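These notes concern the structure reproduced below.
Remember, it's a predicted structure, so these values are computed and weren't measured experimentally. So you know, we letter chains A, B, ... as the sequences are listed, proteins then strands, and number each from 1.
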Number of protein chains: 2
Amino acid sequence: MTASRALSQPKLVSDATRSKVEQAVAELGYVPNRAARALASSQSHVIVVLVPSLSNAVFTAVLEGIHDAVAPGQYQLLIGNTYYSQLEEEKLLRTYLQSNPDGILFSSQVRSPAVAKMLAASKVPAVAMMDLSDDPAVLSVGFSQYEAGMAMTRHLIAKGYTRIGFIGAQLDERTLRRADGYRAAMAAAGLADPGLELMVPERSTIALGAGLMAQLMALRPDCDAVFCCNDDLAHGAVFHCQRQGIRIPQDIAVCGFNDLPASAWMMPSLTTVDTPRYQIGFEAAGLLLQVIKGEEPAERRIDLGFTLRDRESA
Amino acid sequence: MTASRALSQPKLVSDATRSKVEQAVAELGYVPNRAARALASSQSHVIVVLVPSLSNAVFTAVLEGIHDAVAPGQYQLLIGNTYYSQLEEEKLLRTYLQSNPDGILFSSQVRSPAVAKMLAASKVPAVAMMDLSDDPAVLSVGFSQYEAGMAMTRHLIAKGYTRIGFIGAQLDERTLRRADGYRAAMAAAGLADPGLELMVPERSTIALGAGLMAQLMALRPDCDAVFCCNDDLAHGAVFHCQRQGIRIPQDIAVCGFNDLPASAWMMPSLTTVDTPRYQIGFEAAGLLLQVIKGEEPAERRIDLGFTLRDRESA
DNA sequence: CTGAAAGCGCTTACAG
DNA sequence: CTGAAAGCGCTTACAG
């Protein structure tokens, strides 16, 4: 009917009928049925977002950025939590593809064969967030995790630390890239020493950071600085030292990654890498929206950089 | 066709045809269309979740609980961020109602007239999370914010503190209920003193906690304890004192609310109220699922309680 | 500017 | 156990 038009393309309808329709809508409390609209128009106005965690403040900031970028466009966000599992990512993608999304936002660069296949078959545009992709076919928004890991390590080396440990958990692709950067910087300075690395697959928590710090210091009492792969671990490391009366940075330096809110306030304040996570979400959603509209993006790879925060702990 | 049945109710189809269908599905890479299914069956299998914040760890834990409770049932979650705004809540509800959800999970008890009207008109079952509802018509899962605020205040009074300040931010309904509990306990002990309350509408952050702590101590140097309405503010308060060389709890006691991960680890460790936020999400989703299935729930109001964590800071 | 018609891809009773 | 038919509530060209 004309009513449908009055609602979706008000310009094409005369003022008189439009107001009649609007009145009827108000009286009846009419609510359009999204499923019917999606089916008829074959446009879902759904954007799928896959994040590895909802408890990690990094990804909630990314979500807020996406939310803010997308709100004006009336897209509906379908948020999936992969729990850092590729298998879970596959399952979620399979489920969400049933909603015929207009686009997909991934938090990872690495795509399992199954995910790659589904993505190709569905022809839904996708953008990878967090790291920059080497593959020109993949749209990406983020910063180089590798460069950031290297920059922090160089910073510690420049300050005169020579036996710099690395504490890593979760071991997701971003952590591994940061570790690669750490190794490259250590090797370049002739300081490489695999015995200074402590990597475990458990989820990053403050408790784990405290435990790993204790472990590393027992294993390598000569260690003079520790690069924690994220701020949660670093906070745990700092709290552990405080409780043990170990002075930071005099006895040992500690630094983290991400610059969570507590890092600037704790004592000592934490040297860390500030990452543009909100901005990543915002820009990635913007890029995806562009592609959905059929526009050719100016850049297929948006580097948002990172900022080293040199504070008291190192 | 029979194919539809083979997929949705495999039991009603012979083994032979079922395997033929399955093979065809695999070959063609068939993906069912959710919009069509929703339209034909008038069942969306969508559950709407409205939370006031995605950056607050409390609500991400609630989301994880919901996620885990709902996963087996194949429901799709539509997560909306109200940013603590009733107007935003209304807009989100209006939008999400178009998806014809099977149920709705609110993070608030208070419902604006518009929300109440839409809810009644849509007849979609809803469950309120976080606090317990006084209205028997409303299903709720949580704990008494009022009782919890009172319990913490009584705890401080029992320890001998007499000039106990209250720092509150955001001023959402939960904070206000905790403040009510604080006031009731203070009044009951004959310690009521409105000048000890510092309430601001800004978002709770560590930075704000530090600032409010400084403000309160300047305003009321006689204050001997401070009850922060949440752990973020309390962390800021503790960090402020550390930087100023103010000893906790000797010079002033500090306590918080929620028991975030850092609270047990920081120095001094934070006295706070541990709240069952994951469990609230889990149970609320379970209750909603029951109602969706047409079952009569055993309880319309599930009290999950809270636990006082008595630690070093008070 | 407005209306009649067909169809989006499923599901649901209803016969066989 | 399987198939033919109608219909879910919209949108989209297509005539008027």
Side-chain angles (χ1 to χ4, degrees), chain A residues 1-46 48 73-76 78 94-103 118 121-124 292-294, chain B residues 1-46 48 73-76 78 94-103 118 121-124 292-294:
Chain A
M1 348 204 162
T2 307
S4 168
R5 240 180 322 236
L7 265 20
S8 53
Q9 304 172 68
K11 309 257 166 191
L12 301 182
V13 169
S14 73
D15 287 1
T17 43
R18 182 161 7 103
S19 66
K20 263 202 280 186
V21 169
E22 280 163 3
Q23 198 188 322
V25 164
E27 268 177 37
L28 272 37
Y30 168 77
V31 174
N33 181 319
R34 217 161 188 284
R37 168 183 294 223
L39 184 57
S41 69
S42 69
Q43 273 207 329
S44 62
H45 282 270
V46 160
V48 167
Q74 303 293 18
Y75 277 83
Q76 201 161 80
L78 231 40
R94 188 166 290 118
T95 303
Y96 286 155
L97 244 21
Q98 301 184 354
S99 296
N100 187 31
D102 291 358
M118 281 190 275
S122 71
K123 290 181 189 134
V124 180
I292 289 173
K293 283 178 195 142
Chain B
M1 339 209 168
T2 307
S4 168
R5 243 184 316 243
L7 264 19
S8 54
Q9 303 173 68
K11 310 258 164 189
L12 300 182
V13 169
S14 74
D15 289 1
T17 42
R18 179 156 15 97
S19 65
K20 263 201 279 185
V21 170
E22 280 163 4
Q23 197 187 320
V25 164
E27 268 177 36
L28 272 37
Y30 168 77
V31 174
N33 181 318
R34 216 159 188 284
R37 170 183 294 223
L39 184 57
S41 68
S42 69
Q43 274 208 325
S44 63
H45 282 268
V46 160
V48 167
Q74 305 292 19
Y75 277 83
Q76 202 161 81
L78 232 40
R94 188 165 291 119
T95 303
Y96 286 155
L97 244 21
Q98 301 185 355
S99 296
N100 187 30
D102 291 359
M118 281 189 275
S122 69
K123 291 180 189 136
V124 180
I292 289 173
K293 283 178 195 143

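One interatomic measurement links the two molecules: CD of B/Gln98 to C1' of D/dC8, which rounds to 17 Å at whole-angstrom precision. Taking atom CG of residue B/Asn100 and atom P of nucleotide C/dT11, one finds them 16 Å apart after rounding to whole Å. For the pair B/Arg37 CZ and D/dG9 C1', the interatomic distance rounds to 18 Å; values are reported in whole Å. Atom CD of A/Gln43 and atom P of D/dT11 are 11 Å apart (whole Å).
In this structure, CG on B/Asn100 lies 12.0 Å from CZ on A/Arg34, to the nearest 0.5 angstrom. In this structure, OG1 on B/Thr95 lies 7.5 Å from CD on A/Gln76, to the nearest 0.5 angstrom.
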message = side-chain contact (heavy atoms from CB on, under 4.5 Å) for B/Leu78 and A/Leu78? Distances and angles first, verdict last.
response = CA-CA 6 Å; B/Leu78 232 40; A/Leu78 231 40; 3.2 Å; yes

task = Would you check, one step at a time, whether the test side-chain contact (heavy atoms from CB on, under 4.5 Å) holds for B/Arg94 with B/Met118?
result = CA-CA 8 Å; B/Arg94 188 165 291 119; B/Met118 281 189 275; 3.9 Å; yes

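Proximity note for A/Asn33 (side chain, C-beta onward) versus C/dC8, D/dC8, D/dC10: the nearest is D/dC10. Ranking D/dC8, C/dC8, C/dC10 by closeness to the B/Leu39 side chain, first place goes to D/dC8.
Here D/dA4 sits opposite no nucleotide as a Watson-Crick or G-U wobble pair (both hydrogen-bonding atom distances under 3.5 Å). Shown here, D/dA13 forms no base pair; nothing in the strands shown gives a Watson-Crick or G-U wobble contact with both key distances under 3.5 Å.
Nearest-nucleotide positions on DNA chain D for B/Ser41 and B/Ala16 put B/Ala16 closer to the 5' end.
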